[in-house]
Amino acid sequence: MRTDKDCIFCKIVAGEIPCYKIFEDELTLAFMDINPANHGHALAIPKEHWEDVYAVPDALLAATAETVKRVAGAVRAVLEPYGVNLVQANGPGAAQSVLHFHVHILPRTKGDDLRLNWGLRPGDTAEIEAISKKIKAALQ
Ligand code: 5GP
Ligand code: ZN
């Protein structure tokens, strides 16, 4: 499998650093963002290391899209958000900070006024863990 020893998401895939995992299949992984822009902010990735949308093979893009759809459905069921944005950044100009293809599943609350480049602020890990359990249960 294609991997990058310096990539934080590859380390998560390998189990070398922890995450609040909510879903996994053969090709993809979904887990909570550690700097949530909103409550319930999740990420979906292919397990293989591909930098961005230009590089990721179509089959892995498709597999990730399926996982994104599942997770978005679970997030909607659990949080009943005002809406859900799917966000995917390519390159520094788009504020891509982790160079391993990923899609943000971003629940919205009414009036949250969230901007596209929301900036990274560490979340409350107890809160992230609690919502991860609910979303994970909805994905069983
Ligand atoms: P990007 O800015 O590349 O679109 O998104 C990368 C995301 O990865 C950010 O929202 C950031 O909070 C998240 N992230 C970075 N490092 C970690 C980590 O170690 N664990 C988790 N769960 N998320 C991370
Ligand atoms: Zn990687």
Whether over 12 other heavy atoms sit under 6.0 Å from [X] [atom1]:
X	atom1	result
Arg76	CZ	no
Asp124	CG	yes
Glu16	CD	yes
Gln140	CD	yes

*Backbone N/O of Lys5 and side chain of His49: donor-acceptor pair under 3.5 Å*: no
*Are the side chain of Asn90 and the backbone N or O of Val53 linked by a donor-acceptor pair below 3.5 Å?*
yes
*Find the distance between OG (Ser132) and CG (Asp33) and round it off to the nearest 0.5 Å.*
12.5 Å
_Gap between atom CG of Leu43 and atom CD1 of Ile22 - 0.5 Å precision_ = 8.5 Å
*asked:* Ring centroids only, cut at 6.0 angstrom: are His102 and His104 within range, meaning strictly under it?
replied: yes
_Glu24/Lys47 under side-chain contact (heavy atoms from CB on, under 4.5 Å): CA gap, chis, key distance, verdict_ = CA-CA 9 Å; Glu24 178 173 20; Lys47 289 181 177 174; 2.9 Å; yes
*Please step through side-chain contact (heavy atoms from CB on, under 4.5 Å) for the pair Phe101 and Leu60, ending with a clear verdict.*
CA-CA 10 Å; Phe101 178 81; Leu60 294 183; over 6 Å; no
*For the pair Trp118 and Asn38, evaluate side-chain contact (heavy atoms from CB on, under 4.5 Å) and give the outcome as yes or no after the intermediate values.*
CA-CA 10 Å; Trp118 50 79; Asn38 264 347; over 6 Å; no
*Taking 4.0 angstrom as the limit, do Arg115 and Asp113 come out as a salt bridge?*
yes
*Minimum heavy-atom distance between Ile135 and Gly40, given as atom pair plus value*: CD1-O, 4.2 Å
*Going through the checks in order, is the side-chain contact (heavy atoms from CB on, under 4.5 Å) test met by Lys136 and Phe23?*
CA-CA 6 Å; Lys136 188 175 179 180; Phe23 180 78; over 6 Å; no
